[in-house]
Protein chains: 2
Amino acid sequence: MRMLYLAGPDVFLQNAIEIGARKRAICAKHGFEGLYPIDPDVEASADPEAIFRANCAHMQRADAGLFNLTPFRGPSADAGTLFELGFMFALGKPVYGYASRAGAYAARVRTHYGKLARSGGRLWDPSGHAVEDFGLHENLMIVRALAASERELVVVQERGAQALAAMRAFEKCVAALARRRTKRS
Amino acid sequence: MRMLYLAGPDVFLQNAIEIGARKRAICAKHGFEGLYPIDPDVEASADPEAIFRANCAHMQRADAGLFNLTPFRGPSADAGTLFELGFMFALGKPVYGYASRAGAYAARVRTHYGKLARSGGRLWDPSGHAVEDFGLHENLMIVRALAASERELVVVQERGAQALAAMRAFEKCVAALARRRTKRS
């Protein structure tokens, strides 16, 4: 395993390019090459189709994926990141997750949408929609896909404007991959 | 194309089983077999790993996927549905999207999080995170994946408690697939 695709909502930070450079440097320090997605918003003239194709090519090329699953605009991870997690998982590539926010999905739904009700053995949000109540960090499809790669989600709590990058959890995740590679070789 | 995987947040509705039966009946009426995901919350004793495996097996088995991309708990589609869209797209299966809510992603971000600012040729939400501004219904990865299957997102606006099922858009989407099949045969 050498090339890692670095998915996440980091691309929406104002300093997205700097964040990408730091993540690639952390990869290099541990003997990996990080493939950072193109920032969809860096160029106003950017063509969505070109960005899409470039990201798909990155994922095809990478040996594994590192997914920043820090919640983005709601209780769940970024939409594009979730799509990419499914994509790489279906290709049979190992997928690893990290985040800067601890806690179960159901707790975040409560934070965003208000008190949950328990009825008929299930948990419901104020809109009357069931809330997954397995104590998992995310929707079960996401968490079980990570588990299939033999890893739990790596969480290192961070706060502030840069928390979305989850840099500390990222570094921990990459270091763990490097240790595992050493053990196996 | 015969077997269709029916992904979506419908499983979180109180009448999820009934919704699934109606969607399968619509498929049958048009000569398709609908594979509905197991409801994660119907049984309190449900095992997330078993649900995950069953859904993955459904997706492997299906000839194509129909994805309910109606926004769920925020401006984007349901996390599990997005994962599954990436999964089936990576397997090279056609993916089709439908929703009961019209409008661009950026407009929904504004509705959920407040006024957007334009600066440096880009659009920013109140948290200082860039907002994709391509006029697309969802994150570009999702929209371009649908476009690769030669279809635009099918939207039929609905309101009320059952809008999350997007039944009218679903029926329109299945009917269009049936017409296309007839033309090609």
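In what follows, every chain begins at residue 1, and chains take the letters A, B, ... in the order their sequences are listed.
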Locate the shortest heavy-atom distance separating [X] from [Y]; write the atom from each residue and the value.
{"X": "A/W124", "Y": "B/F12", "value": "CZ3-O, 4.0 Å"}
{"X": "A/F52", "Y": "B/M141", "value": "CE1-O, 3.5 Å"}
{"X": "A/R73", "Y": "B/A130", "value": "NH2-O, 2.7 Å"}
{"X": "A/A79", "Y": "B/N139", "value": "CB-CB, 4.0 Å"}
{"X": "B/G74", "Y": "A/Y113", "value": "N-OH, 3.1 Å"}
{"X": "A/H129", "Y": "B/L164", "value": "NE2-CD2, 3.6 Å"}

Under 4.5 Å from any heavy atom of chain A - which part of [X]:
{"X": "B/V109", "answer": "side chain"}
{"X": "B/A145", "answer": "both"}
{"X": "B/A77", "answer": "neither"}

Rounded to the nearest 0.5 Å, what separates atom CZ in A/F83 from atom OG1 in B/T81? 13.5 Å
How long is the gap from CG on A/L85 to CD on B/E84, to the nearest 0.5 Å? 11.5 Å
Would [X] end up clustered with [Y] when hydrophobic side chains under 4.5 Å apart are linked, directly or stepwise?
{"X": "A/L13", "Y": "A/I26", "result": "yes"}
{"X": "A/L136", "Y": "A/L82", "result": "yes"}
{"X": "A/V156", "Y": "A/V174", "result": "no"}

Highest number of heavy-atom pairs under 4.5 Å with chain A: which of B/Q60, B/M59, B/Q14? B/Q14
For chain B, which of A/G80, A/S127, A/P9 has the most heavy-atom pairs under 4.5 Å? A/G80
Inspect the surroundings of CZ in A/R118 and state if more than 12 heavy atoms from other residues, nucleotides or ligands are less than 6.0 Å away. yes
